[in-house]
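Below is one structure, written out as structure tokens; comments come after it.
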Amino acid sequence: MRFSRLFGKTLRQAPAEAESVSHQLLIRAGMIAQVAAGVYSYLPLGWRVLRKIEQIIREEMDKAGGQELTLPVLQPFELWQQSGRSVSFGQSLFTLKDRKEHKLALGPTHEEVITKLVQRYVQSYRDLPLLLYQIQTKFRDEPRPRGGLLRVREFIMKDLYSFDVDEAGLDVSYKKMSQAYKNIYARLGLPALIVEADSGAIGGKESHEFMVITESGEDEIIYCSNCGYAANRERAQFAKAVITSEEKQPLPLEELATPGTKTIEGVAGFVGVPVSQTLKAVFYSADGEFIFVVIRGDLEVNETKLRNALKCSELRLATESEVSEAGIVAGFASPIGIKDVKVVADDSITLGSNFIAGANKSGYHFRNANYPRDFRVDFMTDIALAHSGDNCSNCGSRLSSAQGIEVGHIFKLGIFISEKMEAFFLGRDGTSRPIVMGCYGIGLGRLLAAIVEQSHDGKGIIWPLSVAPYQVYLCPLYLDSPELASIAEDVYQSLEKGGIEVLYDDRSESAGVKFNDADLLGIPLRLTLSPRTLQKQSIEAKWRTEKETQLLPLENASAEVSRLLKGKNWLGKGE
RNA sequence: CGGGGUGUAGCGCAGCGGGUAGCGCGCAUGGUUUGGGACCAUGAGGUCGGAGGUUCAAAUCCUCUCACCCCGACCA
């Protein structure tokens with residue numbers, strides 16, 4: 001490809017709205033262009049990278065036994081009603097009406113459609129297992145797109161669905177996919193960490209995310225460097241410290257005047273006890289129902305855990321007026337004596353005794369509140385948010401935290417969808433059972449952005465050889481010399497003939513401009529041709545990742561370059 | 001949806017005590033240059049996000065509105 005003919009232009013300055021590194025570099029390199037919030041065009045260079053990523057994913061899916069197909073983007077809304085996910089996806093589902101006023105959805109994912117399809121063709125256990133996938137555009141009306149390609153409303157995703165006869169079969173499919181994903185990240189040069197995850201609106205039970213650790217990541221990972229436990233913070237477990245008060249025996253409940261102490265810190269300070277010696281009350285609205293949450297004063301509520309515990313789809317903090325309508329005195333609330341309100345407790349309230357708790361009247365708290373002696377709860381489970389510094393629930397070591405980009409998510413769906421979509425099969429024993437499903441998603445654009453996020457320097461992008469838009473940047477200097485121009489042209493032709501992907505900088509720009517563009521675009525190997533190298537009948541080669549240059553004989557340069565490229569692995573590292 | 005911010009040439013920005021728009025980069029033409037973003041000359045390019053209002057006069061003041069970005073809520 002001749003640079004002078006390439007559509008797209010490198011920019012010295014990134015547009016003001018681009019904040020994340022990947023966003024800035026991808027725009028400056030002329031690889032993507034924004035159309036609307038969370039909607040992007042891929043320019044030729046960016047599209048080449050995306051297609052390479054796609055091909056790697058396709059190869060790994062095929063190797064794992066996947067069969068590629070394509071499902072429609074346009075889906076009848078009824079399918080979403082049938083699965084019940086029109087509710088759980090809620091506003092994120094893009095919907096539209098056709099000319100007959102029939103409601104349709106733009107697919108944010110394809111469990112419904114594929115399960116319907118599989119239902120038509122699978123009748124017997126003999127038809128299973130199946131691994132079906134597609135690579136296709138998804139639509140999600142995200143509340144807040146951000147970070148360039150990191151979170152968008154229209155994106156290309158590979159989604160694979162597994163169909164098995166039982167849980168054991170699902171485990172096998174899940175492992176295959178997990179391995180295929182690891183292979184993909186390895187080939188992309190992405191150090192991805194697998195972590196336990198919440199399954200969110202997709203549903204199902206077990207799920208894992210693949211995370212690339214980088215500061216710009218929007219997810220927080222809690223991990224234990226001792227035993228290897230790692231989980232998304234939404235999901236993370238930790239060992240809650242047991243608080244032993246001086247008096248282990250429950251003491252009689254006492255009312256205590258605590259004027260003006262509306263916060264946990266305020267009360268604890270006023271009474272002179274640690275915050276862990278108090279009970280915190282937090283109020284939520286879950287699908288419209290008022291929820292009273294109790295948790296030990298030193299902990300915070302994990303809203304994802306709470307949502308899962310309540311099995312609700314919409315969860316938010318209750319407003320002040322909702323709290324007072326429920327008859328609760330904010331700042332002095334506790335479940336003691338509370339009636340007609342659903343109370344959910346974190347199990348931390350049993351890890352201690354004689355707590356300070358609200359007296360449900362302004363200016364007063366109770367001393368020596370104990371569960372279950374003094375109050376009841378509707379149910380109790382783990383709804384606490386893990387922090388770095390907490391203890392690992394596996395091994396007791398200190399947990400750490402890191403920011404990460406979610407570059408893949410795999411789910412064990414079980415029969416959650418297949419039951420609703422009536423996808424049953426006949427087992428060997430003649431009984432009809434729902435197909436056991438898994439789903440496995442990976443967003444290509446986000447993958448591309450993640451690569452840039454963790455592989456760049458002050459000059460620009462550093463693509464791994466496996467996905468670089470071109471392998472070689474041919475950079476002749478002093479192109480106005482007819483002799484040099486003609487040799488450069490010959491080299492270009494011979495590289496192309498040799499099957500090497502080459503971007504030929506045929507512009508008559510100065511050396512600095514060309515070198516800077518080569519670095520910005522992140523092409524792995526740069527070849528410089530100038531009177532200086534010509535004098536030695538050679539061409540200069542330089543890897544994007546290295547400082548040193550080397551001279552290659554001009555004669556059969558193509559073969560020499562091939563040799564160089566083959567000497568590198570797909571990441572362009574090592575010999 | 002809550003909070004904050006920005007919309008002026010392709011990109012980055014200035015102008016905003018009202019008088020009809022300018023700088024840098026980029027772009028075009030010509031010339032001199034060239035191993036890490038050269039220089040000179042000439043030139044093209046703008047309904048100042050949109051609508052309404054105030055005024056003799058609005059990029060500038062007022063009202064409404066739209067878009068985009070960031071934080072949060074939310075989210076495979």
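Naming convention: chains lettered A, B, ... in sequence-line order (proteins, then strands); numbering from 1 in each chain. Note: hydrogens, waters and symmetry copies are ignored here, and every other heavy atom, side chains too, is used. Worth saying up front: this structure is predicted, and the values here are computed from it rather than measured.
Using a 4.0 Å heavy-atom cutoff across all strands shown, K514(A) reaches no nucleic acid atom at all. If you check every strand for non-hydrogen atoms under 4.0 Å, T528(A) touches a base. Looking at heavy-atom distances under 4.0 Å, F210(A) makes no contact with the nucleic acid at all. Residue G147(A) is in sugar-phosphate contact alone, with no base atom involved, counting any heavy-atom pair closer than 4.0 Å across all strands shown. Note on R526(A): a base of the nucleic acid sits closer than 4.0 angstrom, heavy atoms only. Among the heavy atoms of the strands lying under 4.0 Å from Q13(A) is at least one base atom, whether or not backbone atoms are also near. Using a 4.0 Å heavy-atom criterion, one finds that A16(A) contacts the sugar-phosphate atoms exclusively. In this structure, E218(A) reaches neither bases nor backbone, as no heavy-atom distance under 4.0 Å exists between it and the strands shown. Across all strands shown, D159(A) has no heavy atoms under 4.0 Å from either base or sugar-phosphate atoms. Counting non-hydrogen atoms under 4.0 angstrom, T533(A) reaches a base of the nucleic acid. Residue A14(A) is in sugar-phosphate contact alone, with no base atom involved, counting any heavy-atom pair closer than 4.0 Å across all strands shown.
We find that CD of E19(A) is positioned 6 Å from P of C70(B), with the value rounded to whole Å. In this entry the distance linking CZ of R507(A) with P of A28(B) reads 12 Å, nearest Å. Atom CD of E509(A) and atom C1' of C25(B) are 13 Å apart (whole Å). Summarising the geometry, the separation between CG on D141(A) and C1' on C1(B) is reported as 13 Å, rounded to the nearest angstrom. Whole-Å rounding puts the R316(A) CZ to A73(B) C1' distance at 11 Å. N302(A) has its CG atom 12 Å from the P atom of A73(B), to the nearest Å. For Y473(A) and G35(B), the OH to P distance is 16 Å, given to the nearest whole Å. One can place CG of L385(A) at 11 Å from P of A73(B), the figure rounded to the nearest angstrom.
Counted by atom type alone, S216(A) and E453(A) present one or more donor-acceptor pairs between their side chains at under 3.5 Å. No hydrogens or angles considered: nothing links the side chains of D198(A) and N232(A) as a donor-acceptor pair under 3.5 Å. With hydrogens and angles left out, the side-chain atoms of D159(A) and Y440(A) include no donor and acceptor closer than 3.5 Å.
Across the C1' atoms, G7(B) and U60(B) are found 15 Å apart, a figure rounded to whole Å. G37(B) and C11(B) are spaced 15 Å apart, taking the C1' atom of each and rounding to whole Å. A28(B) sits 7 Å from A44(B) when the C1' atoms are compared, rounded to a whole Å. Taking the P atoms as reference points, A14(B) lies 15 Å from C61(B), given to the whole Å. Annotation: G24(B) and C64(B) have their C1' atoms spaced 36 Å apart (nearest Å). G46(B) sits 11 Å from A59(B) when the C1' atoms are compared, rounded to a whole Å. Taking atom P in both C74(B) and G18(B), one finds a spacing of 47 Å when rounded to whole Å. U42(B) and G17(B) are spaced 38 Å apart, taking the C1' atom of each and rounding to whole Å.
Side-chain nitrogen and oxygen atoms of R146(A) include none within less than 4.0 Å of the OP1 or OP2 phosphate oxygen of C68(B). Close to C70(B), at under 4.0 Å from its OP1 or OP2, lies a side-chain N or O of R144(A). A sub-4.0 Å separation between OP1 or OP2 of C69(B) and a side-chain N or O of Q34(A) is present.
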Residues 482-490 of chain A side chain polar contacts: donor-acceptor under 3.5 Å, at least two apart:
from    : atom 1 : to      : atom 2 : distance (Å)
E489(A) : OE1    : R2(A)   : NH1    : 3.2
E489(A) : OE2    : R2(A)   : NH2    : 2.7
E489(A) : OE2    : Q493(A) : NE2    : 3.0

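Remark: U47(B) base-pairs with no nucleotide; criterion is Watson-Crick or G-U wobble with both hydrogen-bond distances under 3.5 Å. As the counterpart of A67(B), U6(B) is assigned, both hydrogen-bonding distances of the Watson-Crick or G-U wobble pattern falling under 3.5 Å. Of all nucleotides present, only U42(B) satisfies the Watson-Crick or G-U wobble test against A28(B), with each distance under 3.5 Å. The partner of C13(B) is G22(B), by the rule that a Watson-Crick or G-U pair needs both atom distances under 3.5 Å. Pairing of G35(B), defined by two Watson-Crick or G-U wobble distances under 3.5 Å, is not identified with any nucleotide. Using the Watson-Crick or G-U wobble rule with both distances under 3.5 Å, U60(B) pairs with nothing in any strand shown. Pairing partner, U55(B): none, since no Watson-Crick or wobble contact has both distances short of 3.5 Å.
Distances were taken from every side-chain heavy atom of R307(A) (C-beta onward) to each of G37(B), G36(B), C74(B); the shortest belongs to C74(B). Nearest nucleotide to the K9(A) side chain, out of C68(B), G35(B), C27(B): C27(B). Closest to the V513(A) side chain, of the nucleotides C27(B), A73(B), A38(B), is A38(B).
Comparing K158(A) and N516(A) by the nucleotide of RNA chain B that holds the closest heavy atom to each, the one mapping nearer the 5' end is N516(A). Toward the 5' end of RNA chain B, the nearer of the two residues E303(A) and S530(A), judged by each one's closest nucleotide, is S530(A).
For Y161(A) and Y133(A), the ring centers are positioned 6.0 Å apart or more. The distance between the ring centers of H409(A) and F411(A) falls below 6.0 angstrom.
Checked against E112(A) for a side-chain hydrogen bond (donor to acceptor under 3.5 Å, both in side chains), the options R85(A), Q82(A), Q81(A), K420(A) give a single hit: R85(A).
For the pair E60(A) and R187(A), the salt-bridge criterion is met [side-chain N within less than 4.0 Å of a carboxylate O].
A donor-acceptor contact under 3.5 Å links the side chain of R28(A) to the base of G37(B). With hydrogens and angles left out, the side chain of E540(A) and the base of G35(B) share a donor-acceptor pair within 3.5 Å.
Looking at residues two or more places apart in sequence or on another chain, you find no side-chain hydrogen bond (donor to acceptor under 3.5 Å, both in side chains) involving T115(A).
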